[in-house]
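Here's the structure we're looking at; comments come further down.
Side-chain atoms are counted along with the backbone in the values below, which use heavy atoms only and exclude waters and symmetry mates. The shown structure was predicted, so the numbers you read here are calculated from the model rather than taken from an experiment. Numbering of ligands and ligand atoms starts at 1, following listing order.
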Amino acid sequence: MPARLPPDFLSGVIEGFYGPPWLPVERKDLLGHLVQHGLNTYFYGPKDDLKHRSLWRQCYAPEELIWLSDFVDTCIRHHIRFIYALAPGLDICYSNPTELEVLKCRCHQLLAIGIKTFAILFDDIPDRLSFSDQQRWPSPAAAQAHVANQLYAWLQSHTRETRLLFCPTPYCERMVQSGLGGPQYLEILGRELHPPIDIFWTGPEIISREISLDHIQCINNRLRRPPVIWDNLHANDYDSRRFYCGPYSGRPLELRNAVRGILSNPNCEFPLNFIPLRTLGRYLQATDIWDEREEYLQAMRAWHAYFDTVGAPIDLDDLVRFGDCHYLPYSNGLEGDRLLTLVRGFLAQHPTTWGGEVGEFLHESLRWRTFFTRMTELRHRTLYHALSRRIWDLREEIDLLARYVEFKSQPGNADLPFRSDYHLPFTHRGGIITDLQNILRRREDGSLAL
Ligand code: GDL
């Protein structure tokens with residue numbers, strides 16, 4: 001049976017990451033993808049749009065409203081729900097009534113251009129109330145619920161069709177466990193926030209490998225409503241070396257019926273989100289089986305069409321292998337794992353005992369080299385630019401390993417020190433970030449130590 005999701009189920013994309021917001025032209029492109037993949041929502045909340053967060057009190061100047069208004073119209077034409085998010089939590093004084101008036105004023109301007117759905121976000125903010133707020137509320141949850149309820153009532157008085165979403169300060173289980181937001185945060189919120197207001201939840205973690213049904217049922221009980229999943233599975237703003245093009249995974253199909261929506265906050269680089277969006281759409285429409293690897297391969301076949309070059313064509317298998325090296329936060333794809341196993345396997349042995357795997361690796365490294373050259377010839381330059389750092393990094397490391405293996409394989413070199421003229425100290429893996437990274441090392445049990 002295909003999933004029968006209620007008409008008000010939210011599915012789509014959150015532009016909610018740190019870093020440069022997407023371009024207006026990319027957002028328009030996104031609408032086509034949303035429609036194509038059967039998704040119905042776009043959420044505007046880029047952390048680094050000043051008027052979304054740091055300058056949340058300031059209305060848009062008329063010239064700034066032009067693109068927004070135009071985009072909202074386009075969303076309406078495509079039957080995509082546009083959600084505008086405000087994040088006042090960095091410095092709001094909950095007990096100052098003027099602050100609520102400012103929020104209303106911001107929404108008033110946005111209502112006037114056709115926006116009906118709003119979100120109020122309290123993520124990534126100080127979790128203690130100021131002295132004056134403490135005189136009025138016992139907890140951040142109570143203060144935040146008060147502001148959101150007031151705003152919701154005001155929005156309702158303007159349009160019955162309004163909807164409000166709320167992002168709590170602890171928005172995953174680990175944050176709750178660590179006491180963020182104070183005792184009983186979720187229970188207070190569940191009790192005090194008007195039931196129709198939706199609450200975002202990212203799962204057990206900020207970046208959740210899995211979100212189980214049991215976990216969501218437990219959250220549902222505490223929030224007294226099913227949450228809307230803010231899914232950071234494909235978000236990459238926390239590590240600029242990585243991006244994720246693996247399939248939507250780690251969420252059972254039953255999850256769809258246990259939540260009020262699933263919205264993905266994906267890679268910062270817009271062109272890298274083809275597979276994340278396609279597989280989310282397919283997951284939401286899937287019948288009783290979700291074969292994530294098969295979905296990935298199908299999606300890769302479709303994405304391959306974007307990889308036309310000015311030279312020789314890019315081989316689909318090579319693209320799959322590259323994608324397997326940029327799969328998901330907690331797992332490589334098959335080919336990524338195979339490469340690691342191959343290289344680690346023979347490098348664990350003394351070079352004089354190396355066998356056929358070395359030849360296999362060197363052959364593969366040549367193939368990688370050709371692939372990297374082909375990628376520089378992509379016609380779709382914004383796609384190439386989004387990939388270029390990752391191509392560069394992978395090329396550097398595979399090339400270094402190949403040089404090492406070639407050197408050590410030469411008679412008499414097995415125990416000699418190896419140096420590469422192309423991977424010199426300071427310019428290869430240089431800089432203070434690398435130096436700092438090398439101070440505390442992660443152990444196998446996840447702890448960090450000197
Ligand atoms: C977060 C931020 C989000 C960011 C993501 C991944 C939420 C609710 N907030 O904590 O803006 O993109 O992690 O780094 O997820």
| What is the ring orientation for Phe322 with Phe371, classed by angle as parallel under 30°, tilted 30 to 60°, or perpendicular over 60°? | tilted
| Among protein heavy atoms, which lies nearest atom 9 (N) of ligand 1, and at what distance? | Asp123 OD2, 2.8 Å
| task | Could you verify whether a donor N or O on one side chain and an acceptor N or O on the other, from Arg81 and Thr117, lie under 3.5 Å apart? | result | yes
| Ion pair Arg278/Glu295, N-O distance below 4.0 Å | no
| task | Just need the protein heavy atom nearest to atom 15 (O) of ligand 1, so name the residue and atom and give the distance. | result | Asn232 ND2, 2.8 Å
| task | Decide whether an N or O pair under 3.5 Å exists between Ala235 and ligand 1. | result | no
| message | With a 4.0 Å cut-off on N to O distance, would you call Arg260 and Asp198 a salt bridge? | response | yes
| said: Starting from atom 4 (C) of ligand 1, what is the nearest protein heavy atom, named by residue and atom, and what distance separates them? | reply: Asp237 OD2, 3.3 Å
| Can an N or O of Tyr238 be found at a distance shorter than 3.5 Å from an N or O of ligand 1? | no
| Those atoms of ligand 1 less than 4.0 Å from some heavy atom in Phe17 | 12 (O)
| Of the protein's non-hydrogen atoms, which lies at the shortest distance from atom 10 (O) of ligand 1, and what is that distance? | Tyr171 OH, 2.3 Å
| field | Basic-acidic side-chain contact under 4.0 Å: Arg389, Glu269 | value | no
| said: If we set the cut-off at 4.0 Å for heavy atoms, which region of Phe200 has an atom near ligand 1: side chain, backbone, both, or neither? | reply: neither
| note | atom 2 (C) of ligand 1 has as its nearest protein heavy atom Asp124 OD2, 3.6 Å
| Residue, atom name and distance, where the atom is the protein heavy atom closest to atom 3 (C) of ligand 1 | Gly16 O, 3.6 Å
| Among protein heavy atoms, which sits nearest to atom 13 (O) of ligand 1, and what does the distance come to when rounded to 0.1 Å? | Ile206 CG2, 3.4 Å
| query | Got a salt bridge between Glu397 and Arg429, using NZ or NE/NH1/NH2 to carboxylate O under 4.0 Å? | reply | yes
| Between Ser264 and Asp231: side-chain donor-acceptor atoms closer than 3.5 Å | no
| Under 3.5 Å between some N or O of ligand 1 and some N or O of Tyr18? | no
| query | Any ion pair linking Asp49 and Lys51 (charged N to carboxylate O, less than 4.0 Å)? | reply | no
